[in-house]
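Heavy-atom basis, side chains included; hydrogens, waters and symmetry copies ignored. Since this is a predicted model, take the numbers as computed values, not measurements. Counting convention: from 1, in listed order, for ligands and their atoms alike. Just so you know, residue 1 is the first one in the sequence shown, and it goes up from there.
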Amino acid sequence: MNAASPIAARRSGSLRGAVRVPGDKSISHRALIFGALAVGATRITGLLEGEDVIHTADAMRALGAAVERTGEGEWSVHGVGVAGFRQPRAVLDFGNSGTGCRLVMGAVAGCPVTATFDGDASLRKRPMRRILDPVELMGARAVSAADGGRLPITLAGARDPIPVIYRTPVASAQIKSAVLLAGLAAPGETTVIESEASRDHTERLLAHFGADVRVEAEGGGRRITLKGEPELHPAAVAVPADPSSAAFPMVAALIVPGAEVVLTDVMTNPLRTGLIATLREMGADIATLGRRSDGGEETADLRVRASALRGVEVPPERAPSMIDEYPVLAVAASFAEGTTVMRGLKELRVKESDRLAAVADGLRANGVDAEIDGDDLIVRGKGQPTGGGTVITHMDHRIAMAFLVMGLASAKPVGVDDVSFIATSFPGYVPMLRGLGGDLG
Ligand code: S3P
């Protein structure tokens with residue numbers, strides 16, 4: 001990772017233009033991993049070429065797949081087949097990426113190879129027991145792990161993986177995906193039960209690659225059943241624009257007076273659109289211009305106009321559908337009139353940083369009345385924050401991006417101590433905001 005690189009955002013004239021943000025991060029990781037587990041050549045277009053996804057591409061190569069960049073966002077993957085990974089020669093380094101690391105742990109758990117997983121200082125702090133617990137039930141073994149089940153971890157995959165019925169302890173697509181990936185190599189059916197539905201890109205892509213996956217409603221959540229030992233067939237994947245990245249110019253367009261921005265080709269999978277629903281409840285003018293269906297995912301162009309926002313209460317059950325969007329929602333809330341209460345944010349404490357603390361600190365550093373109450377975040381908006389503070393990003397791309405948005409419309413500039421981690425998920429973020437008319441430097 002590059003040396004820390006500070007920057008500030010200043011009050012800007014109205015933002016204008018159309019933007020296609022980079023490809024969806026969740027789908028990009030999965031397209032590479034499923035391509036590596038299919039026999040034959042998978043072609044991917046629109047892949048997010050951020051550092052997180054590049055680490056996953058490197059891991060797939062280290063595990064025996066042939067992964068090649070053929071053009072901008074265009075990649076081809078020649079896979080090795082289910083359970084076909086070879087023994088990697090070096091440590092698998094996932095950088096800042098929890099998704100890449102946890103999904104590949106699941107895939108390795110079903111193969112008779114031993115691999116060491118590692119990452120940067122942020123990833124080394126994040127909980128990995130949530131993956132080790134289910135994959136150990138399936139026959140894999142953590143040969144070594146740092147204190148608390150953290151990275152670096154050496155995982156010995158199962159020679160004969162055992163199918164399980166696993167109830168995830170938290171609504172996490174990463175845990176669900178790791179179990180399903182390990183279950184690919186197990187005979188019989190592997191089942192994951194989640195009490196609240198998390199993003200379903202793994203289920204959709206598994207079906208797209210030819211696996212037999214059944215999804216049923218159960219309680220308020222879902223039961224997902226995968227038939228093991230399928231032959232995965234290579235499949236073309238067109239990666240739509242990432243709604244979690246579109247969230248930043250979306251909120252920027254809402255808070256900068258006179259702004260009008262169109263975000264094109266944004267994935268509108270209902271398990272990812274909690275932010276749009278919340279912003280609309282706050283009074284946001286977000287119009288859906290056209291809907292398309294591409295490669296099993298719905299997309300739309302979204303026209304966003306500057307809007308007077310009001311505080312709302314965001315229920316805890318909405319969290320899985322907008323888990324990565326709370327930092328920028330908190331920024332939107334600081335421009336609203338009235339109090340926004342965001343409930344049930346426990347999982348935010350174990351993201352790239354403790355996002356609950358990082359967001360509250362960043363808001364307060366910029367004169368916003370913000371409070372953490374248990375697992376809830378309360379922001380008392382007064383129309384326009386003062387700004388003038390410098391935000392500590394704690395190696396977290398979304399903290400950096402969210403507070404740069406704040407600076408575009410706060411009374412005084414907002415500084416962030418380090419924008420280098422933005423490259424993990426959104427290469428070209430600062431030039432994109434400048435292209436819309438944002439004043440950053
Ligand atoms: C992701 C799942 C979410 C999300 C992350 C991407 C995925 O994490 O925060 O950015 O691609 O599966 P959890 O499943 O752990 O909540």
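Residue pairs meeting the ring-ring contact (aromatic ring centres under 6.0 Å, His included) criterion with at least one partner in residues 27-50, sequence neighbours excluded, are F34-F209.
Remark: of the listed residues L32, L180, I33, T56, I33 is the sole one forming a side-chain contact (heavy atoms from CB on, under 4.5 Å) with L103. Screening R349, K346, K125 against D354 for a salt bridge (charged side-chain N to carboxylate O under 4.0 Å, His left out) leaves a single residue, R349. Applying the side-chain hydrogen bond (donor to acceptor under 3.5 Å, both in side chains) test between S198 and each of K176, Q174, R222 identifies K176 as the sole match.
For F426, the ring-ring contact (aromatic ring centres under 6.0 Å, His included) partners are Y429, not counting sequence neighbours. Residues satisfying the salt bridge (Lys or Arg N to Asp or Glu O under 4.0 Å) criterion with E352, sequence neighbours excluded, are R126, R355.
A heavy-atom cutoff of 4.0 Å around ligand 1 is satisfied by the protein residues K25, S26, R30, T99, S172, A173, Q174, R199, I323, D324, K351.
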